[in-house]
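Quick notes on the structure that follows.
Quick note: numbers below take in every heavy atom, side chains included, and nothing from hydrogens, waters or symmetry partners.
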Amino acid sequence: MASRRRVLLKVIILGDSGVGKTSLMNQYVNRKFSNQYKATIGADFLTKEVEFEDRLFTLQIWDTAGQERFQSLGVAFYRGADCCVLVYDVNVAKSFENLNNWREEFLIQASPSDPENFPFVVLGNKIDVDGGNSRVVSEKKAKAWCASKGIPYFETSAKEGFNVEAAFQCIAKNALKNEPEEEMYLPDTIDVGGGGRQQRSTGCEC
């Protein structure tokens with residue numbers, strides 16, 4: 001087997017309070033969901049190893065507070081991000097309307113070298129609520145907004161785990177595209193050649 005090297009990919013999750021940012025992250029990393037809502041204070045992160053095209057990557061997923069009083073923390077957390085995930089609740093129109101504000105705020109705070117092409121992914125969460133009868137933002141409307149900005153779009157349910165894996169595979173793929181080639185590889189510090197192979201992540205249609 002060829003030598004396999006790791007790279008750290010930093011992903012930031014943004015969106016209004018209560019849209020399910022923490023739940024999405026926990027569902028993806030830990031396969032768990034809790035009905036107990038607890039507002040994130042400041043920022044927190046989880047890591048998960050993924051394999052893509054026979055290479056190992058560590059996704060470092062930062063979950064940031066949706067409350068405006070914590071947004072001043074942004075600069076430190078946003079810098080060095082490889083992909084930004086914008087989350088809204090399909091049952092709350094305001095959370096969708098605020099996506100552009102979150103996107104612009106990120107670009108200001110993170111100051112990416114190529115803001116026009118920086119990778120974003122949008123997740124419309126909580127499609128499970130009330131069997132879908134409570135939704136106020138149509139899939140067509142969300143897709144149209146994302147298409148106008150060239151952003152991949154997924155509808156998810158953190159509670160049921162629907163589409164969460166596929167969405168994060170797309171997020172990892174886009175984060176990888178953003179990683180500068182000369183900084184791509186980090187030397188191996190542990191032997192990853194033995195034992196069972198991790199399940200390989202497949203590419204996404206995005």
Side-chain angles (χ1 to χ4, degrees), residues 9-28 33 40 52 59 61-68 71 74 78 81-179 201-206:
L9 300 172
K10 184 176 181 181
V11 175
I12 309 288
I13 304 181
L14 298 177
D16 287 4
S17 293
V19 296
K21 300 185 295 297
T22 303
S23 294
L24 283 164
M25 184 171 77
N26 280 325
Q27 178 62 255
Y28 174 61
F33 177 81
T40 302
F52 182 66
L59 273 188
I61 308 164
W62 286 82
D63 169 29
T64 56
Q67 296 97 325
E68 291 192 356
Q71 286 186 26
Y78 297 176
D82 296 299
C83 183
C84 180
V85 184
L86 302 173
V87 183
Y88 76 97
D89 180 346
V90 299
N91 310 286
V92 180
K94 189 70 177 169
S95 67
F96 176 73
E97 293 162 10
N98 284 339
L99 287 183
N100 205 51
N101 295 337
W102 285 110
R103 180 174 175 270
E104 290 179 359
E105 179 76 9
F106 173 83
L107 291 173
I108 292 167
Q109 301 273 17
S111 301
S113 57
D114 186 5
E116 291 293 316
N117 294 305
F118 186 87
F120 288 89
V121 175
V122 170
L123 306 185
N125 194 35
K126 301 194 180 183
I127 61 168
D128 59 279
V129 174
D130 194 24
N133 294 318
S134 298
R135 74 177 295 163
V136 293
V137 182
S138 69
E139 184 177 7
K140 182 179 179 182
K141 180 178 181 179
K143 280 185 170 178
W145 185 83
C146 290
S148 72
K149 300 188 179 303
I151 299 175
Y153 175 70
F154 291 84
E155 300 219 320
T156 57
S157 165
K159 183 176 183 179
E160 297 178 355
F162 176 76
N163 232 7
V164 174
E165 184 74 28
F168 274 93
Q169 284 177 8
C170 180
I171 290 159
K173 183 179 175 183
N174 278 277
L176 184 59
K177 284 182 198 168
N178 190 56
E179 188 73 8
S201 295
T202 55
C204 64
E205 297 177 6
C206 55

*Begin from the C-alpha positions of N174 and F120 and carry the test side-chain contact (heavy atoms from CB on, under 4.5 Å) through to its verdict.*
CA-CA 8 Å; N174 278 277; F120 288 89; over 6 Å; no

*Derivation of the side-chain contact (heavy atoms from CB on, under 4.5 Å) call for Y153 and E139*: CA-CA 9 Å; Y153 175 70; E139 184 177 7; 4.1 Å; yes

_Chi angles and distances behind the side-chain contact (heavy atoms from CB on, under 4.5 Å) call for N163, S157_ = CA-CA 7 Å; N163 232 7; S157 165; over 6 Å; no

*Please test F162 against I127 for side-chain contact (heavy atoms from CB on, under 4.5 Å), starting from the C-alpha separation and ending with a verdict.*
CA-CA 9 Å; F162 176 76; I127 61 168; 3.4 Å; yes

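Between P112 and L107 the shortest heavy-atom distance is CD-O, 3.6 Å. For the pair S138 and R135, the tightest heavy-atom approach, listed with the atom from each and the gap, is C-NH2, 3.6 Å. Taking every heavy atom of both residues into account, Y88 and S95 meet most closely at CB-O, 3.4 Å. Considering every non-hydrogen atom in both F168 and L24, the closest pair reads CE1-O, 4.0 Å.
Ring-plane geometry between W145 and F96 is classed as perpendicular, the angle between the planes exceeding 60 degrees on a 0 to 90 degree scale with a lower cut at 30. Under the 30°/60° scheme for interplanar angles, the aromatic rings of F106 and F118 are found to be tilted.
At a threshold of 4.5 Å between non-hydrogen side-chain atoms, the residues V122 and L99 count as touching. Within the 4.5 Å cutoff, the side chain of V164 has no heavy atoms near those of the F154 side chain.
Checking E105 against N101 by side-chain atom types alone, no donor-acceptor pair falls below 3.5 Å. In this model, a donor atom of one side chain and an acceptor atom of the other lie less than 3.5 Å apart for T156 and N125. Counting only N and O atoms by type, the side chains of D16 and W102 include a donor and acceptor under 3.5 Å apart.
The side chain to side chain contact (heavy atoms under 4.5 Å, CB included) test with I13 singles out one residue from V121, V85, V19, L86, and that residue is V85. Of the candidates P119, C146, C84, I151 forms a side chain to side chain contact (heavy atoms under 4.5 Å, CB included) with just one, namely C146.
A donor-acceptor pair is defined here as one N or O able to donate and one able to accept, closer than 3.5 Å; no such pair exists between the side chain of D130 and the backbone of G132. The backbone N or O of L9 lies less than 3.5 Å from no partner atom in the side chain of D82, so there is not a single donor-acceptor pair. Under a 3.5 Å cut-off, the side chain of K159 and the backbone N or O of D128 do not form any donor-acceptor pair. A donor-acceptor pair is defined here as one N or O able to donate and one able to accept, closer than 3.5 Å; such a pair exists between the side chain of N91 and the backbone of K126.
Of the inter-residue distances, the one linking D63 atom CG with S23 atom OG reads 9.0 Å to the nearest 0.5 angstrom. To the nearest 0.5 Å, the span separating CG on N117 from NZ on K177 amounts to 10.5 Å. Here I12 contributes atom CD1 and K10 contributes atom NZ; the two are 4.5 Å apart, rounded to the nearest 0.5 Å.
Here K143 does not pair with E155 in a salt bridge; the nearest charged N to carboxylate O distance is not below 4.0 Å.
More than 12 heavy atoms of other residues, nucleotides or ligands lie within 6.0 Å of NZ in K149, so this atom counts as buried by the packing criterion.
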